[in-house]
Undergrad: 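Structure provided below as structure tokens; questions to follow.
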4 protein chains.
Amino acid sequence: MGAVKGKRVPRAVREQQMLDAAVRIFARRGYRAASMDEIAELAGVSKPLVYLYLHSKEELFTACIRREAAALVTAIRGAIEPGAAADRQMWEGLNGFFAHTAAHPDGWAVLHVQARTQGEPFALEVAAMRAEIVELVTRQIAVATREAGCVPEPAGQEASALAEALVGAAESLADWAGAEGAEGPSAKETAATLMNFAWAGLGNLMRGRGWALG
Amino acid sequence: MGAVKGKRVPRAVREQQMLDAAVRIFARRGYRAASMDEIAELAGVSKPLVYLYLHSKEELFTACIRREAAALVTAIRGAIEPGAAADRQMWEGLNGFFAHTAAHPDGWAVLHVQARTQGEPFALEVAAMRAEIVELVTRQIAVATREAGCVPEPAGQEASALAEALVGAAESLADWAGAEGAEGPSAKETAATLMNFAWAGLGNLMRGRGWALG
Amino acid sequence: MGAVKGKRVPRAVREQQMLDAAVRIFARRGYRAASMDEIAELAGVSKPLVYLYLHSKEELFTACIRREAAALVTAIRGAIEPGAAADRQMWEGLNGFFAHTAAHPDGWAVLHVQARTQGEPFALEVAAMRAEIVELVTRQIAVATREAGCVPEPAGQEASALAEALVGAAESLADWAGAEGAEGPSAKETAATLMNFAWAGLGNLMRGRGWALG
Amino acid sequence: MGAVKGKRVPRAVREQQMLDAAVRIFARRGYRAASMDEIAELAGVSKPLVYLYLHSKEELFTACIRREAAALVTAIRGAIEPGAAADRQMWEGLNGFFAHTAAHPDGWAVLHVQARTQGEPFALEVAAMRAEIVELVTRQIAVATREAGCVPEPAGQEASALAEALVGAAESLADWAGAEGAEGPSAKETAATLMNFAWAGLGNLMRGRGWALG
DNA sequence: CATGAATGAGTGTTCATTCAT
DNA sequence: CATGAATGAACACTCATTCAT
């Protein structure tokens with residue numbers, strides 16, 4: 001797959017090839033069903049080399065999770081223009097998120113689908129990344145309400161719950177957008193849908209109004 | 001697990017005991033990591049009997065998915081009062097959903113966490129159930145907008161997207177509510193949170209207003 | 001090798017067949033070089049069955065050591081006539097020892113050659129058996145000196161050292177007798193040689209006389 | 001291990017460093033469990049260099065056995081004063097043996113414990129050395145009996161058997177002395193114990209008296 | 001029906017060994 | 001010489017599955 005077999009290649013490069021292959025196999029088969037043989041073959045190397053560099057299936061999976069998590073967070077942060085207005089920043093972040101997950105569906109599957117189902121050590125790895133994103137969103141919401149001059153400012157707990165719901169919704173939408181066969185909605189469309197949705201909830205939050213059992 | 005060993009028990013009952021055990025093990029270990037030995041032991045029967053009734057691990061897992069999916073859909077439908085107003089029905093449905101997932105965390109884990117990660121055949125099984133629920137919600141949204149006298153009525157696609165987002169958000173919230181250690185939010189609280197959130201989005205949809213890139 | 005392959009055989013019997021095979025392979029190849037595949041094949045069963053009954057290579061080896069140790073101790077004790085004179089008992093014990101090691105060279109190799117070289121857990125197992133035999137011999141020496149009216153009786157430490165040397169010499173002679181290609185000395189001859197040798201040392205011990213740097 | 005990394009070092013020296021490391025690792029881990037990686041690392045050289053000089057694990061082990069065997073024989077021969085009386089020579093030889101094994105426990109372990117358990121080729125290597133020592137002792141015994149004016153001289157077979165037993169006892173005592181945790185008996189004490197023991201047997205041999213089934 | 005006996009096919013992992021640079 | 005890159009072959013161990021009793 002790309003690399004010509006047998007070529008001498010520096011370790012750093014080979015490691016990335018192995019991680020590429022591993023992410024793809026783990027995403028498609030799941031952690032348990034993925035076989036080191038298949039990963040090695042797809043990476044174009046022998047199995048012992050995979051063990052020499054990545055030490056074990058567990059460490060290999062962890063390395064995949066870490067790499068993909070870092071890439072996703074970097075993509076989101078990189079999409080946000082620091083000086084912009086809060087709503088603009090939220091839109092940019094969502095856009096970056098959906099663009100990245102759409103461009104790297106296997107990485108997203110490893111993070112959101114596979115890692116969370118394979119026991120604490122892996123799930124915690126993803127939970128750490130998720131917590132980082134939720135915190136980022138929480139801060140944006142706080143800024144947004146302040147900018148909008150909301151009085152009194154919503155409690156931190158409310159902003160946190162809203163952020164949690166927003167991230168959850170984004171995750172589900174990423175799955176949804178990625179699952180389509182031929183041509184799913186573009187990242188921008190998906191981001192717009194969610195932004196539309198979220199902004200209203202945010203507005204209600206600010207105005208303290210919501211749906212009530214009529 | 002309940003059944004006294006050695007007792008003659010009708011097939012239908014035995015099968016349910018096996019499915020109970022299987023759901024529990026599959027939920028906790030995942031499909032691949034679950035062992036037929038452990039399931040048979042937990043069910044209090046011999047392994048060959050499991051094979052006699054359920055034929056294979058794959059069919060056993062499929063049977064678990066079908067049973068839990070049916071139970072969930074039944075719970076949701078059963079919670080909805082047919083004659084009520086659309087918003088009331090949505091609230092009841094959400095409430096039923098969160099109450100059921102909270103009461104049957106293993107079943108929910110099998111459906112939402114395990115089945116989706118183990119390849120097409122299982123994922124499709126769940127997708128079918130999910131499609132049924134999304135369709136149900138889509139219809140409720142359509143009715144709600146009509147009842148509210150919204151002119152022009154939103155296109156089907158918009159209602160569908162909204163339903164999809166709502167279901168996705170509900171799924172994420174069910175995970176979130178279930179993951180809490182000591183005492184997560186009650187089903188009613190969770191349902192209220194989401195209803196609050198969704199109703200606003202629905203309102204915007206009806207008024208054709210949303211957030212726009214300023 | 002004896003058992004017809006494929007036959008249903010009760011567990012206890014199969015376990016002995018497996019231990020027979022394992023003792024043979026471990027004796028010839030050593031612990032590390034022995035392969036479970038080879039053992040299973042020689043036992044006429046599949047590898048999983050070996051694991052089902054004996055759990056792991058380590059436990060299998062331990063089981064071999066225990067069985068052979070117990071057999072050896074039983075052989076020695078069984079050869080000794082309880083009421084006889086001390087020297088007679090010593091002769092009988094030696095005779096039993098050499099007869100058993102000659103009749104079961106693989107078992108002896110497992111105990112004396114292989115088990116002691118494969119790390120503490122195994123070596124300790126053998127050390128326990130050896131301690132039992134040394135203690136038995138020590139008691140016999142004490143009785144022998146008493147019967148001979150030796151005054152003053154030798155200290156326990158001296159009897160213990162003599163027993164240790166005697167056992168060591170016996171072990172070496174067992175190796176020697178067993179190593180011969182065609183026709184080594186008979187157990188009786190070997191026992192006589194050592195008895196001859198030991199009795200003199202014992203005599204010196206009793207008389208307090210020994211060789212001294214002239 | 002001593003050598004500063006990177007220094008150009010003549011082949012003969014490097015080989016000795018490798019053998020030092022190999023003896024240590026083989027003694028502690030056994031032949032199969034020892035890894036070439038660990039040996040190379042302990043020797044402070046790269047693995048290919050080990051292969052360049054020693055060709056294979058098997059040859060490396062053989063080289064260890066030969067070096068340690070030669071050292072032991074040299075130590076024994078060097079301890080014996082050629083012109084001395086036979087009993088004196090025996091005492092010196094034993095003393096040299098116990099002193100050497102105590103000073104080089106790893107070398108002794110390789111010879112007596114590891115080499116004998118790893119199949120014919122290695123065991124034969126040790127057997128050759130052992131035969132040399134047994135022959136040396138046999139000659140000393142013959143001389144001793146002649147010096148003592150024993151008539152008739154014992155048959156060669158008897159002297160040979162006595163030598164064999166003496167060597168076996170010495171080997172066992174070397175293990176025993178080496179196995180002690182804190183402070184085992186000194187080489188001289190050990191040699192004295194065995195000499196004491198042996199001299200008596202020798203005396204009996206000369207006088208044709210022994211223990212007989214009463 | 002229930003069960004103990006049994007296995008084919010595969011898994012993750014290791015290691016001695018080679019070769020281009 | 002020294003080293004990082006690379007692998008063929010094997011090994012311990014597991015599991016879903018079957019069948020005779």
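Protein chains get the first letters and strands the later ones, always in sequence-line order, with residue 1 at the start of each.
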Undergrad: Is any side-chain heavy atom of Arg28(B) closer than 4.5 Å to a side-chain heavy atom of Arg24(B)?
TA: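 When only atoms from C-beta onward are counted, Arg24(B) and Arg28(B) do touch, with a gap below 4.5 Å.
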Undergrad: Rounded off to whole Å, could you give me the CD-to-C1' distance for the Gln17(A) and dA5(F) pair?
TA: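 After rounding, the gap between these two atoms is 13 Å.
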Undergrad: For dA2(F) and Ser46(D) - does any side-chain N or O of the residue sit under 4.0 Å from the phosphate oxygens OP1/OP2?
TA: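 No, Ser46(D) has no side-chain N/O under 4.0 Å of OP1/OP2 on dA2(F).
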Undergrad: Using whole Å, what does the distance between atom C1' of nucleotide dT14(E) and atom CG of Leu49(A) come to?
TA: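 It is 14 Å, rounded to the nearest whole Å.
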Undergrad: Determine: side-chain N/O of Tyr53(A) to OP1/OP2 of dG4(F), distance under 4.0 Å, yes or no.
TA: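 Result: no.
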Undergrad: DNA chain F in dot-bracket, Watson-Crick or G-U pairs under 3.5 Å, [ ] crossing, | other strand?
TA: .||||||||||||||||||||
Undergrad: Considering all heavy atoms of both residues, which atom of Ala22(D) and which atom of Leu60(D) are nearest to each other, and what is their separation?
TA: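 Taking Ala22(D) first and Leu60(D) second, the nearest heavy atoms are CB-CD1, 3.8 Å.
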Undergrad: Pick out the pairs of N or O atoms, protein on one side and nucleotides 11-14 of chain F on the other, that lie under 3.5 Å.
TA:
from	atom 1	to	atom 2	distance (Å)
dA12(F)	OP1	Ala34(C)	O	3.1
dA12(F)	OP1	Lys57(C)	NZ	2.7
dA12(F)	OP2	Met36(C)	N	3.0
dC13(F)	OP2	Tyr51(C)	OH	3.0
dC13(F)	OP2	Lys57(C)	N	2.9
dC13(F)	N4	Lys47(C)	NZ	2.1

Undergrad: Whole angstrom is fine here: how far is it from CD1 in Ile39(A) over to C1' in dT11(E)?
TA: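 These atoms are roughly 12 Å apart.
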Undergrad: Given atom CD1 of Ile25(B) and atom C1' of dA16(F), what is their separation to the nearest angstrom?
TA: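 So the CD1-C1' distance, Ile25(B) to dA16(F), works out to 16 Å.
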Undergrad: Run through Phe122(A), Phe61(A), Trp108(A) and flag the one making a ring-ring contact (aromatic ring centres under 6.0 Å, His included) with Phe26(A).
TA: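 Result: among Phe122(A), Phe61(A), Trp108(A), Phe61(A) is the only option passing the ring-ring contact (aromatic ring centres under 6.0 Å, His included) with Phe26(A).
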Undergrad: When the distance from CG of Leu52(C) to P of dT18(F) is rounded to whole Å, what number comes out?
TA: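 It works out to 18 Å between those atoms.
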Undergrad: Could you tell me how far apart Met18(D) (CE) and dC1(F) (C1') are, to the nearest whole angstrom?
TA: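 Atom CE in Met18(D) sits about 11 Å away from atom C1' in dC1(F).
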Undergrad: Check the distance between dA6(F)'s P and Glu15(A)'s CD and give it to me in whole angstrom.
TA: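 Going from CD in Glu15(A) over to P in dA6(F) covers 11 Å.
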Undergrad: Check whether any side-chain N or O of Arg14(A) sits under 4.0 Å from OP1 or OP2 of dA6(F), and answer yes or no.
TA: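 True: Arg14(A) side-chain N/O within range (under 4.0 Å) of dA6(F) OP1/OP2.
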Undergrad: Starting from C1' on dT3(F), measure out to CD on Glu41(D) and report it in whole angstrom.
TA: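 Taking atom C1' of dT3(F) as the reference, CD of Glu41(D) is at 15 Å.
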Undergrad: Report the residues that fulfil side chain to side chain contact (heavy atoms under 4.5 Å, CB included) with Arg67(A), sequence neighbours left out, ordered by chain and then residue number.
TA: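 For Arg67(A) the side chain to side chain contact (heavy atoms under 4.5 Å, CB included) partners, ignoring immediate neighbours, are Gln16(A), Leu19(A), Asp20(A), Val23(A).
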Undergrad: Work out which heavy atom in Tyr31(A) is nearest to a heavy atom in Gln114(A); give both atom names and the distance.
TA: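 Nearest pair, atom of Tyr31(A) first, then Gln114(A): N-OE1, 4.1 Å.
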Undergrad: If we only count heavy atoms from C-beta on, is the Arg14(A) to Arg11(A) side-chain gap below 4.5 Å?
TA: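 Side chain of Arg14(A) against side chain of Arg11(A), heavy atoms only: no contact under 4.5 Å found.
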Undergrad: Given the rule in the side-chain contact (heavy atoms from CB on, under 4.5 Å) test, do Met18(B) and Ile39(B) qualify, once you have shown the distances and angles that lead to the verdict?
TA: CA-CA 7 Å; Met18(B) 291 176 192; Ile39(B) 291 169; 5.7 Å; no
Undergrad: Would you say Glu15(C) has more than 12 foreign heavy atoms packed within less than 6.0 Å of its CD?
TA: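 More than 12 within 6.0 Å, yes.
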Undergrad: Taking all non-hydrogen atoms of both residues into account, name the closest pair between Ser46(C) and Ala40(C) and its distance.
TA: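 The answer is C-CB, 4.0 Å.
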